[in-house]
Amino acid sequence: MAHGHKSDEKIVYVGDSRVRKKTQEQRLKPTDYSAYPGKSEAFIPNFLLKEWMVGVVVLVGILVLVMSDPAPLGYPADPKNTAFIPMPDWYFLFMYQLLKYPYTSGSYVVLGVVGVPGLLFGSLLLAPFLDTGKERRFYRRPIASALMIMSLITCSYLTYVSWSHYQVELKEKNIIPEHIKREEELHAGKTTAGGGAKETKKAAAIVAADDPGAEIYKKATCLACHGAQLKGMPASGVPALLGVGDTHTKDDILGIIKNGKGNMPSMYKPNIDKGLTDADIDKLANWLAMQKTQ
């Protein structure tokens, strides 16, 4: 407000900061945004309410998917299970594959773990400051669009390669993923329970416990994995030897000891190194072939 020394000087308002009281008619009348290009409604609450409603719909959709398809559960963690192949969640498969390459692993693991992810996420953080153009059409922003497309192609390729290698490794080692195996066992248990007549399968017992082969077994390498009771470790992929004679002959067992099978390597030389002779291994195979369900 400009004024001088004269008391009758006219008052001129340069700016008016006073809050005007709105009438009922003014409150009901929507605000005119025609003087503001690009704006069509108030951010609070109109625009924010719409965004919130869209977020709620997406959240409900995610919750429905989560409840309809429960998370796969494997067996309890077993540090002795050397057949287990660890795999990250699908959205980290590209990073998992990246760490397999020579210049992002081994001596360069810091580059793979910190350097590359730091560069990528740092670029995302700096993108709003580096790309200050007002253009929204992607074909008018060649640099930003090209980087985005290259990133999507790279992540998709690494994810595909990682999953393909995992499938090949499962096939080569003849491994069934734990969550699939456990689900099959669960369904098999339900089918058996709901089959009407209950059939009780008699548990196999150790046959000829006083046989010389039983004493040799206690000295052999078999004991470490299959256990003193021949029960093995099914959760780790080590089968039980109880009843092994039902499906394997003495010659079959000798062949497995000498040549290995599946994830089990040849155990012939380790047993020889432990002091067993060919005659001892022959007696051991004969005793194992005697292990049949009665």
Side-chain angles (χ1 to χ4, degrees), residues 19 22-77 85-99 113-114 116-167 170 176-187 190:
V19 179
K22 292 185 178 181
T23 63
Q24 182 69 16
E25 182 181 354
Q26 288 175 329
R27 280 196 295 268
L28 297 175
K29 184 179 179 181
T31 308
D32 181 17
Y33 286 91
S34 58
Y36 302 93
K39 294 185 178 181
S40 58
E41 59 183 351
F43 180 77
I44 299 176
N46 300 19
F47 180 78
L48 195 61
L49 182 61
K50 289 181 180 179
E51 293 295 309
W52 181 80
M53 290 302 297
V54 172
V56 169
V57 171
V58 173
L59 180 61
V60 170
I62 293 174
L63 291 175
V64 170
L65 289 175
V66 170
M67 290 185 291
S68 62
D69 189 11
L73 296 176
Y75 295 105
I85 303 175
M87 285 291 288
D89 292 318
W90 66 268
Y91 43 83
F92 281 132
L93 282 176
F94 77 96
M95 197 66 199
Y96 179 69
Q97 180 63 27
L98 181 66
L99 293 175
V113 174
V114 180
V116 175
L119 179 64
L120 295 176
F121 286 104
S123 301
L124 287 175
L125 290 174
L126 293 175
F129 303 98
L130 298 177
D131 185 15
T132 56
K134 297 181 179 180
E135 185 61 55
R136 291 289 177 255
R137 289 167 288 188
F138 74 94
Y139 53 84
R140 293 289 184 86
R141 304 172 63 188
I143 297 178
S145 300
L147 291 174
M148 179 195 69
I149 294 172
M150 286 177 59
S151 299
L152 288 175
I153 292 175
T154 302
C155 291
S156 301
Y157 171 76
L158 291 174
T159 300
Y160 171 76
V161 172
S162 179
W163 185 252
S164 300
H165 286 182
Y166 175 62
Q167 295 298 320
L170 288 176
I176 300 176
E178 287 189 354
H179 64 282
I180 296 178
K181 187 176 180 181
R182 189 169 187 178
E183 188 174 354
E184 290 176 351
E185 292 175 353
L186 180 63
H187 287 311
K190 286 182 178 179

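Residue indices begin at 1 and follow the sequence shown.
Across every non-hydrogen atom of Phe94 and Cys155, the tightest pair is CB-O, 3.7 Å. Considering all non-hydrogen atoms of both residues, Pro86 and Tyr96 come closest at O-OH, 3.3 Å.
Partner Met95 forms a side-chain contact (heavy atoms from CB on, under 4.5 Å) with one of Pro117, Ser162, Pro88 and no other, that one being Pro117.
How far CG of Leu158 is from CD1 of Ile153: 12.0 Å, rounded to the nearest 0.5 Å. Distance check, rounded to the nearest 0.5 Å: CG of Leu119 to CG of Leu124 gives 10.0 Å. Note: Tyr160 OH to His165 NE2 = 9.5 Å, rounded to the nearest 0.5 Å. Rounded to the nearest 0.5 Å, atoms CE (Met87) and CG (Leu170) are 8.5 Å apart. Taken to the nearest 0.5 Å, the CD1 atom of Ile143 stands 10.5 Å off from the CZ atom of Arg141.
Taking a 6.0 Å sphere around CG of Leu65, one finds it holds more than 12 heavy atoms contributed by other residues, nucleotides or ligands.
Side-chain contact between Leu125 and Phe121 is absent, with no heavy-atom pair separated by less than 4.5 Å.
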